[in-house]
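Read through the structure below, which is laid out as structure tokens, and then see the notes.
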Amino acid sequence: MTFGFAPASAAASTSAASANRLLEPAEWAAAGIPLLRDPREVVSGLHARHHPQPATAVVAVLDPDERLRASASFVRRQAPADGWMFRNVLLAQLRRIIPHDLRRRTPVRTAVLLYCREGDARWTEEDGAWMWGLRDACTLHGLRCGAYITLTRDGWQVLGEGRGGRRPHSASAPEPFAMSEAAPPLPRTGGAASEVLRRAAAAR
């Protein structure tokens with residue numbers, strides 16, 4: 001095996017391929033990404049759970065009622081923005097936190113991505129690479145591709161939708177707020193034990 005530098009033409013083609021692994025805002029908006037019913041609830045819930053700092057990504061899976069099923073956060077490595085690399089890391093996180101839905105004819109659950117970064121809320125090529133990576137990772141895991149949200153000092157912004165808010169932002173403390181999850185089953189009532197619990201609750 002020999003080692004050396006790639007020819008200039010090969011390096012140029014690799015660079016061009018990397019540049020194509022991103023989505024422009026217009027492409028993202030035209031892709032039919034489902035809108036979040038309450039984006040502030042999603043953002044506040046993920047911020048409260050993971051308290052992301054700049055260069056932190058949070059990927060979350062929502063059920064059809066927008067209840068959180070699973071989420072994970074990780075720090076982006078210092079490397080050039082590349083949608084293929086972002087796809088791989090997102091896919092690894094999804095495989096770790098939730099089973100795939102590839103056997104379904106149509107996706108039921110939706111993956112969203114919150115990325116905390118420096119700078120303002122305007123779209124960057126890094127955002128475009130994350131969009132490309134999220135869309136591809138969702139396809140490979142049998143999920144619907146959901147919103148891509150940036151979190152900066154200006155606040156949060158759902159790219160491609162024009163919706164956003166000032167809080168939370170990248171420097172704010174997590175609010176005492178949690179995303180709605182699947183409700184736990186209600187305890188059975190009746191019997192002596194329930195009467196004891198009822199009296200104890202009334203005495204508080």
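All values derive from a computational prediction rather than experimental measurement. Values below: every heavy atom of this structure, side chains too, minus hydrogens, waters and symmetry copies.
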Residue pair [X] / [Y]: nearest heavy atoms and the distance that separates them:
X	Y	answer
Gly160	Ala29	O-CB, 4.0 Å
Arg21	Trp84	NE-CB, 3.1 Å
Trp28	Ala147	CZ2-C, 4.3 Å
Trp123	Gly128	NE1-N, 3.4 Å
Pro168	Val43	CG-CG1, 3.8 Å
Leu159	Ala121	CD2-O, 3.8 Å

Could you tell me if the side chain of [Y] sits less than 4.5 Å from the side chain of [X], heavy atoms only?
X	Y	result
Val59	Ser71	no
Arg117	Pro54	no
Leu22	Glu24	yes

Would you mind checking if Asp101 and Arg109 are paired as a salt bridge, meaning a charged N to carboxylate O distance below 4.0 Å?
yes

Less than 4.0 angstrom from a charged side-chain N to a carboxylate O is my criterion; do Arg69 and Asp63 meet it?
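Salt bridge: yes.
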
Flag if over 12 foreign heavy atoms under 6.0 Å of CZ, Arg153:
no

Inspect the surroundings of CD in Glu125 and state if more than 12 heavy atoms from other residues, nucleotides or ligands are less than 6.0 Å away.
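Count not over threshold, so no.
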
Please confirm whether the backbone N or O of [Y] pairs with a side-chain atom of [X], one donor and one acceptor, at under 3.5 Å?
X	Y	result
His100	Leu102	yes
Ser44	Glu41	no
Arg77	Pro80	no
Glu161	Val158	no
Glu66	Arg37	yes
His141	Ile98	yes
Trp156	Arg167	yes

Same apolar cluster (I L V M F W Y, side chains within < 4.5 Å links), [X]/[Y]:
X	Y	result
Tyr115	Val75	no
Phe86	Leu140	no
Ile97	Val89	yes
Leu91	Val58	no
Leu68	Val108	no

Starting at [atom1] of [X], measure out to [atom2] of [Y] and round the result to the nearest 0.5 Å.
X	Y	atom1	atom2	answer
Leu46	Leu151	CG	CG	10.0 Å
Leu36	Thr110	CG	OG1	8.5 Å
His47	Ser170	NE2	OG	8.0 Å
Thr150	Leu113	OG1	CG	10.0 Å
Arg103	Arg105	CZ	CZ	15.0 Å
Leu23	Met131	CG	CE	7.5 Å

Going by atom types alone, do His50 and Thr56 pair a side-chain donor with an acceptor below 3.5 Å?
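No - no donor-acceptor pair under 3.5 Å links their side chains.
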
Indicate whether any N or O donor in one side chain lies under 3.5 Å from an N or O acceptor in the other, for Tyr148 and Asp127.
yes

Can Ile33 and Arg144 be said to form a side chain to side chain contact (heavy atoms under 4.5 Å, CB included), step by step?
CA-CA 8 Å; Ile33 305 300; Arg144 287 201 309 171; over 6 Å; no

Are His169 and Asp154 close enough, and set up right, to give a side chain to side chain contact (heavy atoms under 4.5 Å, CB included), and what steps lead you there?
CA-CA 6 Å; His169 53 77; Asp154 294 336; over 6 Å; no

With side chain to side chain contact (heavy atoms under 4.5 Å, CB included) as the criterion, how do Val61 and Leu94 come out once you've worked through the C-alpha distance, each side chain's angles and the decisive distance to 0.1 Å?
CA-CA 8 Å; Val61 179; Leu94 289 170; 3.7 Å; yes

Test log, rule side chain to side chain contact (heavy atoms under 4.5 Å, CB included), inputs Leu90 and Phe74
CA-CA 9 Å; Leu90 287 170; Phe74 56 94; 3.8 Å; yes

